[in-house]
There are 2 protein chains.
Amino acid sequence: MPAQPKAKAAPRSSAAVEDYLERILELINTKGYARVVDIAQSLKISQASVTNMVQRMDGDGLLKYERYRGMVLTASGEALAKSITRRHRILTDFLRLFGLDEELIFHDVEGMEHHVSPPTLKAIEALTAQLRRQPALVARVRL
Amino acid sequence: MPAQPKAKAAPRSSAAVEDYLERILELINTKGYARVVDIAQSLKISQASVTNMVQRMDGDGLLKYERYRGMVLTASGEALAKSITRRHRILTDFLRLFGLDEELIFHDVEGMEHHVSPPTLKAIEALTAQLRRQPALVARVRL
DNA sequence: AAACAAAGTTAGCCACAGCTAAGATTGTTG
DNA sequence: CAACAATCTTAGCTGTGGCTAACTTTGTTT
């Protein structure tokens, strides 16, 4: 028995890794695949940085990567990416209630999202649903 | 005229710097002074790291620091610390509406706060005020 | 097929912000 | 005042995640 070959260690993810996962899933959903050059453009970082990170994420079991060829999310990578995307959407929906500038919303969500725990997210989701039924109240906040 | 001696460059601050400022102000408010050892304990990092950072913050004009002696916030450091503290309070007040665990609130706020822009903060502040007048609605979120 | 451009990779660098270990300073106390 | 403990500093290290410059691979185009 050769012991475990890979040392999985539960896919912990940093804010940076979460950003990558989010963009990779989005690219796969819209274009069918995620190329290094597109990820780089989307995150506004260099291709070299992307190559580097993607290799780390392969090592962490979040995706399968083949040099010069391409990448696919693993099951756990995809699950993580989806939950990150969902969190992003919930926070965006919440902030959109208040008539803030779209760019600002994006920027704030992009920063905050990595730090919002599941219970807090759930509360914000429920709150957003309630507020949608109270446009008068929301209007007072927008002023 | 010896030109400007220090190169101020507008006190940009990272998340880490903001955490330090927040704790330093709190220590000054409660104990009258901020010692390296207390900052370290409060942020759960080593004293060496605190010394290091405090020296950088001195260089950045956020505080005045004298080796082995102590520190005082500069005017701009104090202004920044106060606005950080205010932001922290507003976010905490908001999350407290939903009956979340205090520790969780603290943790989430500690992570998110550095990424919330002034307009977003203002909206959340106004929303919190409105929600305080709508306990029935809030109760539906808490469930 | 040769040449070229686009995409990807590697090597080596940097700043940030933590850490430990070892040494310096300070204040207290016998 | 000598010695001690507490505090603080320095030196040197680490990992993360960027960067540029130079090189390689791939695919297209003539």
Side-chain angles (χ1 to χ4, degrees), chain A residues 7 9-24 27-28 31-72 77 80 84 107 110-111 113-115, chain B residues 7 9-24 27-28 31-72 77 80 84 107 110-111 113-115:
Chain A
R12 51 92 236 187
S13 59
S14 64
V17 167
E18 294 190 356
D19 285 337
Y20 276 85
L21 280 176
E22 203 169 347
R23 303 310 176 96
I24 290 169
L27 285 166
I28 289 176
K31 311 191 38 167
Y33 48 85
R35 271 148 58 242
V36 167
V37 70
D38 294 326
I39 300 169
Q41 216 151 45
S42 170
L43 291 173
K44 292 183 221 269
I45 60 185
S46 71
Q47 289 182 214
S49 300
V50 173
T51 296
N52 208 349
M53 177 61 101
V54 156
Q55 286 172 354
R56 262 176 52 202
M57 290 169 73
D58 181 299
D60 291 351
L62 294 169
L63 46 79
K64 281 284 174 215
Y65 182 59
E66 244 179 307
R67 256 149 92 267
Y68 295 106
R69 284 280 149 214
M71 70 197 73
V72 227
L80 196 44
I84 290 163
H107 177 271
E110 205 63 21
E113 60 181 348
H114 312 293
H115 308 281
Chain B
R12 52 93 236 188
S13 59
S14 66
V17 167
E18 294 190 355
D19 285 337
Y20 277 85
L21 279 175
E22 202 168 348
R23 303 309 176 96
I24 290 169
L27 285 166
I28 288 177
K31 314 190 37 167
Y33 48 86
R35 270 149 57 241
V36 167
V37 70
D38 294 325
I39 300 169
Q41 215 151 46
S42 170
L43 291 173
K44 292 181 222 264
I45 60 184
S46 71
Q47 290 182 213
S49 300
V50 173
T51 296
N52 209 349
M53 178 60 102
V54 157
Q55 285 172 353
R56 262 176 50 203
M57 291 168 73
D58 180 298
D60 291 350
L62 294 169
L63 47 80
K64 280 283 175 216
Y65 182 58
E66 245 179 306
R67 256 149 90 268
Y68 293 108
R69 285 277 150 220
M71 69 197 72
V72 229
L80 196 44
I84 290 162
H107 177 271
E110 205 63 21
E113 59 180 348
H114 313 292
H115 309 281

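Naming: A, B, ... by sequence-line order, numbering from 1 per chain.
Listed in residue order, the members of residues 47-55 of chain A having a heavy atom less than 4.0 Å from DNA chain D are A48(A), S49(A), M53(A). Within a heavy-atom distance below 4.0 Å of DNA chain C, the residues of residues 32-43 of chain A found are R35(A), V36(A), V37(A).
In this view, R35(B) and D38(B) satisfy the salt bridge (Lys or Arg N to Asp or Glu O under 4.0 Å) rule, not counting sequence neighbours. E22(B) meets the side-chain hydrogen bond (donor to acceptor under 3.5 Å, both in side chains) test with H88(B); sequence neighbours excluded. In terms of the side-chain contact (heavy atoms from CB on, under 4.5 Å) criterion, residue partners of A16(A) (sequence neighbours excluded) are, by chain and number, S14(A), M53(A). In this view, A40(B) and Q47(B), V50(B) satisfy the side-chain contact (heavy atoms from CB on, under 4.5 Å) rule, not counting sequence neighbours. Take K44(B) and apply the salt bridge (Lys or Arg N to Asp or Glu O under 4.0 Å) test, not counting sequence neighbours, and it matches no residue. Residues passing the side-chain contact (heavy atoms from CB on, under 4.5 Å) test with S42(B) are R23(B), sequence neighbours excluded. Here E18(A) pairs with S13(A), I84(A), R87(A), H114(A) under the side-chain contact (heavy atoms from CB on, under 4.5 Å) rule; sequence neighbours left out. Remark: H115(A) pairs with H115(B) by the ring pair (Phe, Tyr, Trp, His ring centres under 6.0 Å) rule, at least two apart or across chains.
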Distances for protein N/O vs nucleotides 25-28 of chain C N/O pairs under 3.5 angstrom?
from	atom 1	to	atom 2	distance (Å)
dG27(C)	OP1	R69(B)	NH1	3.4

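Contact between L63(B) and V54(B) at its shortest, heavy atoms only, is CD1-O, 3.6 Å.
In this structure, OH in Y20(A) is found 10.0 Å from CE in M71(A), a value given to the nearest 0.5 Å. Annotation: the span from Q55(B) atom CD to Y65(B) atom OH amounts to 6.0 Å, rounded to 0.5 Å.
Atom P of nucleotide dC16(C) and atom CD of E18(B) are separated by 15 Å, given to the nearest angstrom. Taking atom CD on E66(A) and atom P on dT26(D), their separation rounds to 11 Å, with Å as the unit. We find that CZ of R56(B) is positioned 15 Å from P of dT10(D), with the value rounded to whole Å. In this structure, I45(A) places its CD1 atom 8 Å from C1' of dG18(D), rounding to the nearest Å.
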Run Y68(B) and T51(B) through side chain to side chain contact (heavy atoms under 4.5 Å, CB included) and show every step you take.
CA-CA 10 Å; Y68(B) 293 108; T51(B) 296; over 6 Å; no
Pair assignment for DNA chain C - dot-bracket with | for other-strand partners, Watson-Crick or G-U under 3.5 Å
||||||||||||||||||||||||||||||
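The side chain to side chain contact (heavy atoms under 4.5 Å, CB included) with I39(B) is formed by just one residue from the set D19(B), L27(B), I45(B); it is L27(B).
In this model, the phosphate group of dC16(C) is not approached by any side-chain N or O of S14(B) to a distance below 4.0 Å at OP1 or OP2.
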